[in-house]
Amino acid sequence: MKKKNVLLIHTGGTLGMVEGKPDNHLKPAHIHESVLKFVPELCELAHLESAFACNIDSANLDIPDMNTVLSTIRSNYEHFDGFVIIHGTDTMAYHASALSFMVENNTKPIIFTGSQKPLRHIRTDARLNLVNSVEFATMSIPEVCICFNSTLFRGNRTRKVSIGQFEAFRSPNYPVLGSVGVDIHLNRKHLADCSLEKTTFHELGHSRIGVIKLYPGFDASAWIPCMLKSGVRAVVVEAYAAGNVPILTHSIIPSISALTEADVPVFIVSQALEGSVDLDLYECGQKAKQAGAIGCRDMTFEAVITKLYYLFSKFREIKSTKLVEEMLVNFSGEIS
Ligand code: ASP
């Protein structure tokens, strides 16, 4: 059978890092030219070509980097059956979420991977992650995914959950899309259907998004004037569990009202990993809803931030009522 064409896009991350002097901290090195030398067996799985987007610790990921990866995919979309993006794990869930919006009506596998240990290390997880990702990239998977530790996740449902374990990612609110054991198993029931619409590509622009993480004693009122002065276009509140916020001492309700009255929508996500925000469950959620806050159901924080970037870029002068509506639309499987 003819081998599938897969494009490896290098962006950096631990996979290609080396120890720097004098204290052995990891920093980006030039591995992108030699991935295939380290893992030559990848060529048995697919006809591979490489592209270079950037070479950064993904903590430095910024919107122009995401646009570079997008344009690499766009200019090669017709010529390749699938894409593997080598990426740092720190912001992989953000970038995978962003691309799931940026490539609209995607029909091809776009698989992010990386590793917890550099490819040059003897006990590296990079080799297996690369092999599995390239194999998934040859399959009929019309999704932006993360492949890590023998598991395939929907990218915009994924969160980094471990700093030191090979099991670095989880998809708390959506079943895994595939797993690799002796055989490769695809969870077809939970894969997206292949779109029949034309694929379109959307660059992201920068928009100022405010974030508030609640903790007992937090005084929101001190920060809202600064946020409004800085020109925030939306605020995301990481609230407790089902979306609950303080309504007694240090009530956040006047702050939510001030933001919504200033036409800055307030979106609520949960500090809990599993489950869905429901502002009707408790008085502490309902008061937030009455003040104008919108519960983001089971979207990850990463999906919410990148969806906001996407919507602000796609609809430049979007009205807050339309933004609120669009945020709850399911664009690429990011919300139940
Ligand atoms: N700091 C690294 C990065 O995100 C961590 C990793 O790749 O695992 O680029």
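For this chain, numbers begin at 1 and follow the sequence in order. These numbers come from the heavy atoms of this one structure, side chains and all, not from hydrogens, waters or symmetry mates. Counting convention: from 1, in listed order, for ligands and their atoms alike.
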**Request:** Write out the residue and atom name of the closest protein heavy atom to atom 8 (O) of ligand 1, then the distance separating them to 0.1 Å.
**Result:**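 Checking every protein heavy atom, the shortest distance to atom 8 (O) of ligand 1 gives Thr89 OG1, 2.5 Å.
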
If the contact criterion is a heavy-atom separation under 4.0 Å, does Ser115 count as touching ligand 1?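 Yes, Ser115 has a heavy atom closer than 4.0 Å to ligand 1.
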
Using distance alone, decide if ligand 1 has a nitrogen or oxygen within less than 3.5 Å of any nitrogen or oxygen in [X].
X: His87; answer: no
X: Ser58; answer: yes
X: Thr14; answer: yes

Margin query: If the threshold is 4.0 Å, N to carboxylate O, is there a salt bridge linking Lys314 and Glu104?
Written below: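 Salt bridge: yes.
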
Salt-bridge contact Asp280-Lys289 (side-chain N to carboxylate O under 4.0 Å)
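Here Asp280 pairs with Lys289 in a salt bridge, since their nearest N and O are under 4.0 Å apart.
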
message: Within the 4.0 Å heavy-atom shell around Gly13, which atoms of ligand 1 are there?
response: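 Selected atoms, number and element: 7 (O), 9 (O).
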
Verify whether one side chain among Asn156 and Ser332 offers a donor that lies under 3.5 Å from an acceptor in the other.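 Their side chains do contain a donor-acceptor pair, which is all the 3.5 Å distance test asks for.
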
Notebook entry, point to check: Which pairs, with at least one residue in residues 215-224 and sequence neighbours excluded, count as a side-chain hydrogen bond (donor to acceptor under 3.5 Å, both in side chains)?
Noted result: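 Residue pairs with at least one partner in residues 215-224: Asp219-Ser221.
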
* To do: Find out whether the Lys NZ or Arg CZ of Lys108 is both under 6.0 angstrom from the six-membered ring centre of Phe80 and within 45° of the ring's axis.
  =>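 Geometry flag: not set, cation outside 6.0 Å or 45°.
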
